[in-house]
Amino acid sequence: MKRKNVIIALRRDLPFSGRKFRTLQGTLLWVILLAIAGCGGGSKTGTTSGGGLPPGPIKHIVFIFKENRTFDNYFGTFPGANGATSGPISNGTTVPLGHTPDKTPYIIGHTWIDAHTAMNLQGQNYLMNQFDLVFNGNVNGYMLPMTQLQQADIPNYWSYAKNYVLADNMFSSLAGPSFPNHLYSVGAQAGGATNNPSGNVWGCDAPAGTTVSVMDNQGNVTFQFPCFDFQTLADSLQNANISWRYYAPPSGVLGSMWNALDAVQHIRMGSLWQTNVPPDTQFASDAQSGDLPAVSWLVTTWNQSEHPPASSCAGENWTVQQINAIMQGPDWPSTAIFLTWDDFGGFYDHVPPAMVDRFGLGPRVPLIVISPFAKHAYISHTQYEFSSLIAFTETMYHLPTLSRRDSTVKDLTDSFDFSQQPLLPLILNQRSCP
């Protein structure tokens, strides 16, 4: 029977539809292709529950999270992308976007209130015209939110975008800052949190008296200790005997607050914290030696995060070092890298986000998809958010969904072509920073 007829027969006889069928269909197609080619084999570090079939050509998924940039701030002038070089402000005028310095002079507001002030909901539409009203949005006439970087400022990020996939319709999951958005990257929810916790230590490690604003489904807001206990993608992977690690700065290092699993009680207080949460400095050596787990999250320290006022150049150099390590290691041929930024950071973006629930979406953020099987030189216009990263992993590894978010989002498979000639690694040089 020809391969096409096999798939048609399978679809006719199996009681699946939608994403579940497409996942099963894709897995069976890979198996048929492997059989035709006379080859086989499994993933070194990741298998499905019960020692089942490997997830096609992707056996390693890496999520790299940087800080506080919008799409227009980094890629507003990228050819062919939906970018902007000017934008409206609160007095009704339109201003050209100036140049963002490598190290900004200060932080600009990006709280829940700042995000909603900037987006300016009128009726059912966000006008995206009050970014100058966020905290430090207009300092003696200087409007840092209304600035952007150019290709010369972040040339390596542009090189990745030109050679792999740049998504220009990727949004932060929540209209607010880092803490809740990082939680979406592991749980497809934030436990109702809408802001960063008070104080400099977040999650279950926070000192007594630390609180975070939490909104319920009716819109009521309370202030709670920032330690939650919902199920995460890490739990799904663990239950399916699929390897994972969350690489992050250790406690006491500035940047450890971006470790989302620190805010998940059963992980932070359980044995997995000791076995599956190594320091971020270990990632590059694991990648170069071929010791990547099936799924990795990676966050880093403040100075390398690109969080204003930290240097965007230094942050790009760190990212290049991590990606070079993957590309120079043995796991590159079977890896998918998702490089994204966690929230808007107060910077302007011109695309109004969809209102999928009372928490978000928030403003657009950059997303670059890097893989031998990422579409070449492709700009994806599909709407994504952080739950899309979870959905991609669930699709690849046949895992259950966690919330309404990851069960309804696009799962990023449309940014891949698993039948193409695999793309070569792109080894880049780090730069001298201003």
*Asks:* Please tell me whether Ser172 and Asp343 have a donor and an acceptor in their side chains that are separated by less than 3.5 angstrom.
*Replies:* no
*Asks:* Take Arg245 and Asp286, measure what salt bridge (charged side-chain N to carboxylate O under 4.0 Å, His left out) needs, and give me the verdict at the end.
*Replies:* CA-CA 11 Å; Arg245 296 187 195 118; Asp286 285 355; 3.3 Å; yes
*Asks:* Give a yes-or-no answer on whether the side chains of Ser90 and Asp132 include a donor-acceptor pair shorter than 3.5 Å.
*Replies:* yes
*Asks:* So which heavy atom on Lys410 is nearest to which on Thr382, and how close?
*Replies:* CG-CG2, 3.5 Å
*Asks:* Any luck finding a side-chain donor-acceptor pair between Asp406 and Ser403 under 3.5 Å?
*Replies:* yes
*Asks:* CG of Leu423: more than 12 outside heavy atoms within 6.0 angstrom?
*Replies:* yes
*Asks:* Using side chain to side chain contact (heavy atoms under 4.5 Å, CB included) as the criterion, point out the one residue from Phe223, Phe228, Phe225 that pairs with Val212.
*Replies:* Phe228
*Asks:* Verify the distance criterion only: is there a donor paired with an acceptor across the side chains of Asp291 and Ser289 at less than 3.5 Å?
*Replies:* no
*Asks:* Does any non-hydrogen side-chain atom of Gln328 lie less than 4.5 Å from one of Ile427?
*Replies:* yes
*Asks:* Taking side chain as C-beta onward, heavy atoms only, is Leu367 less than 4.5 Å from Leu412?
*Replies:* yes
*Asks:* Is it the case that atom CG in Asp414 sees more than 12 heavy atoms from other parts of the structure closer than 6.0 Å?
*Replies:* yes
*Asks:* Report the C-alpha distance between Arg405 and Glu385 in whole Å, list the side-chain angles of each, state the deciding distance to 0.1 Å, and finish with yes or no for salt bridge (charged side-chain N to carboxylate O under 4.0 Å, His left out).
*Replies:* CA-CA 9 Å; Arg405 285 288 191 98; Glu385 51 124 325; 3.0 Å; yes
*Asks:* Can you list the steps and then say if Phe283 with Tyr247 is a ring pair (Phe, Tyr, Trp, His ring centres under 6.0 Å)?
*Replies:* CA-CA 7 Å; Phe283 179 84; Tyr247 296 85; 5.1 Å; yes
*Asks:* Is there side-chain contact between Thr340 and Ile64, with at least one heavy-atom pair below 4.5 Å?
*Replies:* no
*Asks:* Going by heavy atoms in the side chains, are Phe344 and Pro145 under 4.5 Å from each other?
*Replies:* no
*Asks:* Determine, stepwise, if the pair Val351 / Phe171 fulfils side-chain contact (heavy atoms from CB on, under 4.5 Å).
*Replies:* CA-CA 10 Å; Val351 178; Phe171 294 83; 3.8 Å; yes
*Asks:* Say you draw a straight line from OG1 of Thr393 to CE of Met396; how long is it, rounded to the nearest 0.5 Å?
*Replies:* 9.0 Å
*Asks:* Could you tell me if Gln322 and Thr319 have a donor-acceptor pair between their side chains, going purely by distance under 3.5 Å?
*Replies:* no
*Asks:* Would Gln274 and Ser271 satisfy side chain to side chain donor-acceptor pair (under 3.5 Å), going step by step from the backbone distance to the final call?
*Replies:* CA-CA 6 Å; Gln274 304 302 322; Ser271 60; over 6 Å; no
*Asks:* According to the interplanar angle, ranging from 0 to 90°, do the rings of Phe63 and Trp297 count as parallel (below 30°), tilted (30 to 60°) or perpendicular (above 60°)?
*Replies:* tilted
*Asks:* Does His376 have its ring centroid less than 6.0 Å away from the ring centroid of Tyr164?
*Replies:* no
*Asks:* Take Ile370 and Ile368 through the test side-chain contact (heavy atoms from CB on, under 4.5 Å) and record every step on the way to the result.
*Replies:* CA-CA 6 Å; Ile370 303 169; Ile368 305 174; 3.7 Å; yes
*Asks:* State, without any angle test, whether Asp235 and His266 hold a side-chain donor-acceptor pair at a distance under 3.5 Å.
*Replies:* yes
*Asks:* Do Tyr348 and Pro88 touch side chain to side chain, with heavy atoms closer than 4.5 Å?
*Replies:* yes
*Asks:* Would a 4.5 Å heavy-atom cut-off, applied to side chains only, mark Cys204 and Met269 as touching?
*Replies:* yes
*Asks:* Under 6.0 Å between the ring centres of Phe78 and Phe71?
*Replies:* no
*Asks:* Between Phe65 and Phe386, does the ring centre distance come in under 6.0 Å?
*Replies:* yes
*Asks:* With a 4.5 Å limit on heavy-atom distance, are the side chains of Pro366 and Met170 in contact?
*Replies:* no
*Asks:* Check the pair Thr93 / Asn91 against side chain to side chain donor-acceptor pair (under 3.5 Å), numbers first and verdict last.
*Replies:* CA-CA 6 Å; Thr93 64; Asn91 65 8; 2.6 Å; yes
*Asks:* Taking side-chain hydrogen bond (donor to acceptor under 3.5 Å, both in side chains) as the definition, give me every residue that meets it alongside Asn136, ordered by chain and number, with sequence neighbours left out.
*Replies:* none
*Asks:* Indicate whether any N or O donor in one side chain lies under 3.5 Å from an N or O acceptor in the other, for Asn82 and Asp168.
*Replies:* no
*Asks:* Over 60° means perpendicular and under 30° means parallel, so classify the ring planes of His116 and Trp112, tilted if in between.
*Replies:* tilted
*Asks:* Checking side-chain polar atoms at under 3.5 Å, does Gln148 have a donor or acceptor matched by the opposite partner on Thr85?
*Replies:* no
*Asks:* Name the residue from Asn239, Ile390, Ile242 that meets the side chain to side chain contact (heavy atoms under 4.5 Å, CB included) definition with Leu399.
*Replies:* Ile242
*Asks:* Evaluate salt bridge (charged side-chain N to carboxylate O under 4.0 Å, His left out) for Arg364 paired with Asp72, printing each intermediate quantity in order.
*Replies:* CA-CA 8 Å; Arg364 277 194 314 172; Asp72 282 339; 3.0 Å; yes
*Asks:* Check the pair Tyr184 / Phe359 against ring pair (Phe, Tyr, Trp, His ring centres under 6.0 Å), numbers first and verdict last.
*Replies:* CA-CA 11 Å; Tyr184 272 94; Phe359 298 103; 7.2 Å; no
*Asks:* Decide yes or no on side-chain contact (heavy atoms from CB on, under 4.5 Å) for Phe338 and Ile61, but give the supporting numbers first.
*Replies:* CA-CA 8 Å; Phe338 298 93; Ile61 298 171; 3.9 Å; yes
*Asks:* Check side chain to side chain contact (heavy atoms under 4.5 Å, CB included) between Tyr142 and all other residues, then give those that pass, not counting sequence neighbours.
*Replies:* Pro101, Pro105, Tyr106, Leu144, Thr147
*Asks:* Could you walk me through whether Thr194 and Val214 pass side-chain contact (heavy atoms from CB on, under 4.5 Å), step by step?
*Replies:* CA-CA 6 Å; Thr194 59; Val214 175; over 6 Å; no
*Asks:* Check whether the side chains of Asp153 and Tyr74 place a donor and an acceptor atom closer than 3.5 Å, and report yes or no.
*Replies:* no
*Asks:* Check the pair Asp357, Arg404 against salt bridge (charged side-chain N to carboxylate O under 4.0 Å, His left out), reporting the backbone distance first and the verdict last.
*Replies:* CA-CA 10 Å; Asp357 57 34; Arg404 189 184 66 84; 3.6 Å; yes
*Asks:* For the residue pair Trp341 and Phe75, does the interplanar ring angle fall in the parallel (under 30°), tilted (30 to 60°) or perpendicular (over 60°) class?
*Replies:* perpendicular
*Asks:* Does the side chain of His307 come under 3.5 Å of the side chain of Asn68 through a donor N or O and an acceptor N or O?
*Replies:* yes
*Asks:* Excluding sequence neighbours, so at least two apart, what forms side-chain hydrogen bond (donor to acceptor under 3.5 Å, both in side chains) with Ser415?
*Replies:* Tyr384
*Asks:* Using a cut-off of 6.0 Å, state whether more than 12 heavy atoms not belonging to Lys375 lie near its atom NZ.
*Replies:* yes
*Asks:* What do the steps show when you test His381 against Asn169 for side chain to side chain donor-acceptor pair (under 3.5 Å), and what is the final call?
*Replies:* CA-CA 5 Å; His381 305 302; Asn169 208 22; over 6 Å; no
*Asks:* Carefully, step by step, assess Ser178 and Glu67 under the rule side chain to side chain donor-acceptor pair (under 3.5 Å).
*Replies:* CA-CA 8 Å; Ser178 294; Glu67 294 292 313; 2.9 Å; yes
*Asks:* Are Thr111 and Phe135 side-chain neighbours, meaning at least one heavy-atom pair lies under 4.5 Å?
*Replies:* no
